[in-house]
Amino acid sequence: MLHSPIPLSAVYQARQRIAGRVLRTPLIASPVLSDQVGAAVYLKLESLQKTGSFKVRGAFNKILGLSEEERRRGVITFSTGNHGKAVACAAGDSGIAAVVCVSEHVPAYRAKAIAAYGAEVVVRGKSQDEAEEHYRRLQRDRDLIPVKPFDDPQIIAGQATIGLEILEDLPRVDTALIPLSGGGLLSGIALALKSANPSIRVVAVSIERSPVMQESVKAGKAVAVEERDTLADSLLGGIGLDNRYTLPMVGELTDEFIAVSEEQIAGGMTYALEEHGLVLEGAGAVGIGALLAGKVRDPGSCTAVVLSGASVDLPRYLDVVGERILRGSNRG
Ligand SMILES: *Cc1c(COP(=O)(O)O)cnc(C)c1O
């Protein structure tokens, strides 16, 4: 029996609301990965999503659900980049003002991409938590509507629409590999999948350098983990010490937790380009990296891997992937 603080009806409502505003992304078979793993492996290409990540689903659902009065006040958020871009895009599309706070960790190309959607970008704080503090002050002072990156029922319901699409395109899915940071993506998709079939296994893939949610689930409360530079920078950031939704949902809905190394992330990125011509950012490639490294204890017989994003810093991307391709490390 599924105990979810968010009803499945909210997910269908989200799908209705964001239809036509975001892409219904393709799910493609990966014969090569299937051979290698011994399961039918499919890839859900949220890397092709508008703005370069799945986060527009939650952002559009949240922003399209605001009242007239809330829309007039405008919105504010803090973000490692993709959520900021998504909020800027959804707000811009709806003609409302948006402020996006980012930490100094966020690469400059990401801040620029957010500003390009017409949002006001505020760079402040050495960590995500410091940026969050500044964001709280601004939110109060300017009376803006906060749009959280993951711990919000509307955001979770928006990300859950990915789960509905997977069920439609692959009804026999029995396993899902989902990148995990704050847990909005996993909570949503797992809610949709397990509502249809509770025996579908949900595998969470985090990074060894910052497994914040995993540590928090273990501790039974939100814990802080030191942030370290990683190829999967979209998976950095705390889960919020006042976490209400995603911590209990991830704890309840996850069947297996995995953490991948930097080498494995790079392996996933390289494989996606070589075998599928797909550009993935580190966070988007953790599922493939985990499969290739044999880290998934039980990959099932029909596995959907969520490729969550493609916001890359091109010079760094070419460095990491190009070097590996030249080295031939992914070739048998
Ligand atoms: C935000 C993000 C994630 C993690 O999503 P959470 O809801 O925070 O767990 C994974 N991949 C990409 C590309 C992201 O932008």
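Since this is a predicted model, take the numbers as computed values, not measurements. When a ligand or atom number is given, it counts from 1 through the structure's own listing order.
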Under 4.0 Å from one or more heavy atoms of G184, ligand 1 contributes atoms 6 (P), 7 (O), 9 (O)

Is there a side-chain contact between L291 and L33, using heavy atoms and a 4.5 Å cut-off? yes

Looking at every non-hydrogen atom in both residues, tell me the closest pair between L236 and S210 and how far apart they are. CD2-CB, 3.8 Å

Check: V173 and Y42 side chains under 4.5 Å, non-hydrogen atoms: no

Hey, which atoms in ligand 1 end up nearer than 4.0 Å to a heavy atom of S308? 10 (C), 11 (N), 12 (C), 13 (C)

So, 4.0 Å and heavy atoms of G183: is ligand 1 close enough to count as a contact? yes

Please list, in number order, the atoms of ligand 1 under 4.0 Å from a heavy atom of L235. 3 (C), 4 (C), 10 (C)

Which of the numbered atoms in ligand 1 are below 4.0 angstrom from a heavy atom of E281? 13 (C)

Suppose I only count heavy atoms of G309 and a 4.0 Å limit; which atoms of ligand 1 are within that range? 13 (C)

Listed pairs under 3.5 Å, donor-acceptor, residues 180-190 side chains, sequence neighbours left out:
unit_1 : atom_1 : unit_2 : atom_2 : d
S181   : OG     : L235   : O      : 3.0
S187   : OG     : G183   : O      : 2.7

Taking distance alone, with N or O pairs closer than 3.5 Å, would you say N82 contacts ligand 1? yes

Tell me whether F150 has any N or O atom under 3.5 angstrom from an N or O of ligand 1. no

State plainly whether one hydrophobic cluster holds both Y135 and V99, where clusters connect Ile, Leu, Val, Met, Phe, Trp and Tyr through side-chain heavy atoms under 4.5 angstrom apart. yes

Using atom types as modelled and distance alone, determine if a side-chain donor or acceptor of Y109 lies under 3.5 Å from a backbone N or O of L314. no

Taking all non-hydrogen atoms of both residues, which atom of E256 and which atom of R297 are closest, and how far apart? OE2-N, 2.8 Å

Using distance alone, determine whether P179 and ligand 1 share an N or O pair under 3.5 Å. no

Do F54 and ligand 1 have an N or O pair less than 3.5 Å apart? no

Relative to ligand 1, is K55 under 4.0 angstrom through side chain, backbone, both or neither, heavy atoms considered? side chain

Could you tell me which atoms of ligand 1, counted from 1 in the order shown, lie closer than 4.0 angstrom to a heavy atom of A283? 11 (N), 12 (C), 13 (C)

Thinking salt bridges, do E263 and R324 make one under a 4.0 Å N-O criterion? yes

